[in-house]
Amino acid sequence: MPKKISLEDRKKQARRVVKQLATDYPIAECALNYETPYQLLIATILSAQCTDARVNIVTKELFAKYPTAEDIAALPIAKIEKLVQTTGFFRNKAKNIKAASQKLVDDYDGEVPQDLEALVALPGVGRKTANVVLGTAFDMPTGVVVDTHVGRLSRRMGLTAKTDAVKVEEELMELLPKKEWIQFSHRMIHHGRAICDARKPKCDQCHFAKFCPQVGVAV
DNA sequence: ATCCCGAGGG
DNA sequence: CCCTCTGGAT
């Protein structure tokens, strides 16, 4: 169990982290490939328990043939399953992608609504996916994207002790100014993939090591 | 064997 | 709260 950290300490630590993130990752962008908000929505649904590199391989073919909500809503489930098979959870993802696309066609003229409640009401779209779409495609941050990387790094760096993603998000929203939310998530994800990975974090190469409480500690 | 830009259902 | 869904990568 991680020990409890004071709010003041966590705020101070958050400022260090934000500063180092900006230094190490001046360009904070989404690693998923997409041309439209709809495509980002689909790519983000596919990214569950899958690497972004794998998602990009799958969406390259998917979006070339079926770029819009109308296109995917019209596809048979079996066809979608085959297209997204290598991203894992393919039956759930295929069903959700078709149903969400159909709902977009029916209720929003095939466009993606710029509203958290409306997004979360789409099949297969939870808080994490909705935050990604609103923050990245529409530049309308409604929260901090907390995926497996953001959660893991936030715990290792002493920003939170929570494991539940919603609670981690609440604590990060307390620590970070709203204008930092989007870049923070993208940069933390980059750092999580490149240096601070789950199995063997490269602490010897990590610029955060000088203020990271987890350096040299089994995580 | 463990983890990857989760969400839905019980 | 828990469990389930899944292939790919290391």
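Residue numbers start from 1 in every chain, and the chains themselves are labelled A, B, ... in the order their sequence lines are given, proteins ahead of strands.
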Pick the [atom1] atom in [N] and in [M], then give their distance to the nearest Å.
N      : M     : atom1 : answer
C:dC5  : B:dC4 : C1'   : 15 Å
B:dG10 : C:dT6 : P     : 16 Å
C:dG8  : B:dA7 : P     : 22 Å

List in numerical order all residues of [range] for which some heavy atom is under 4.0 Å away from an atom belonging to DNA chain B.
range                       : value
residues 61-94 of chain A   : A:Phe89
residues 142-150 of chain A : A:Asp147, A:Thr148, A:His149
residues 45-60 of chain A   : A:Ser47, A:Ala48, A:Gln49, A:Cys50, A:Thr51, A:Asp52

Taking atom [atom1] of [X] as the centre, does the number of heavy atoms from other residues, nucleotides or ligands within less than 6.0 Å exceed 12?
X        : atom1 : result
A:Lys210 : NZ    : yes
A:Glu111 : CD    : no
A:Leu7   : CG    : yes

Task: Contact list for residues 131-145 of chain A, test side chain to side chain donor-acceptor pair (under 3.5 Å), sequence neighbours left out - done: A:Asn131-A:Thr142, A:Asn131-A:Glu169, A:Thr136-A:His186
Task: Boundaries of the chain A footprint along DNA chain C (any atom under 4.0 Å from a heavy atom) - done: C:dC5 to C:dT10
TODO: Indicate, with a heavy-atom threshold strictly under 4.0 Å, whether A:Thr44 touches base, sugar-phosphate, or nothing.
DONE: nothing
Open item on the list: At 4.0 Å (heavy atoms only), tell me whether A:Ala31 reaches a base, stays on the sugar-phosphate, or touches nothing.
Closed with: base
Task: Lys/Arg-Asp/Glu bridge criterion (N-O < 4.0 Å) met for A:Asp197, A:Lys202 - done: yes
Task: Distance-only donor-acceptor check, side chains A:Gln13 and A:Asp9, under 3.5 Å - done: no
TODO: Could you pick out which residue, A:Arg199 or A:Glu29, lies toward the 5' side of DNA chain B when each is mapped onto its nearest nucleotide?
DONE: A:Arg199
Could you pull out all donor-acceptor pairs under 3.5 Å where a side-chain atom in residues 176-184 of chain A meets a protein atom, sequence neighbours excluded?
unit_1: A:Trp181; atom_1: NE1; unit_2: A:Leu176; atom_2: O; d: 3.0
unit_1: A:Gln183; atom_1: OE1; unit_2: A:Arg187; atom_2: NH1; d: 3.1

Rounded to the nearest Å, what distance is computed from the [atom1] atom of residue [X] to the [atom2] atom of nucleotide [N]?
X        : N     : atom1 : atom2 : result
A:Lys200 : B:dA1 : NZ    : C1'   : 15 Å
A:Leu122 : B:dG6 : CG    : P     : 18 Å
A:Asn131 : B:dG6 : CG    : P     : 13 Å
A:Asp197 : B:dC4 : CG    : C1'   : 11 Å
A:Lys98  : B:dA7 : NZ    : P     : 22 Å

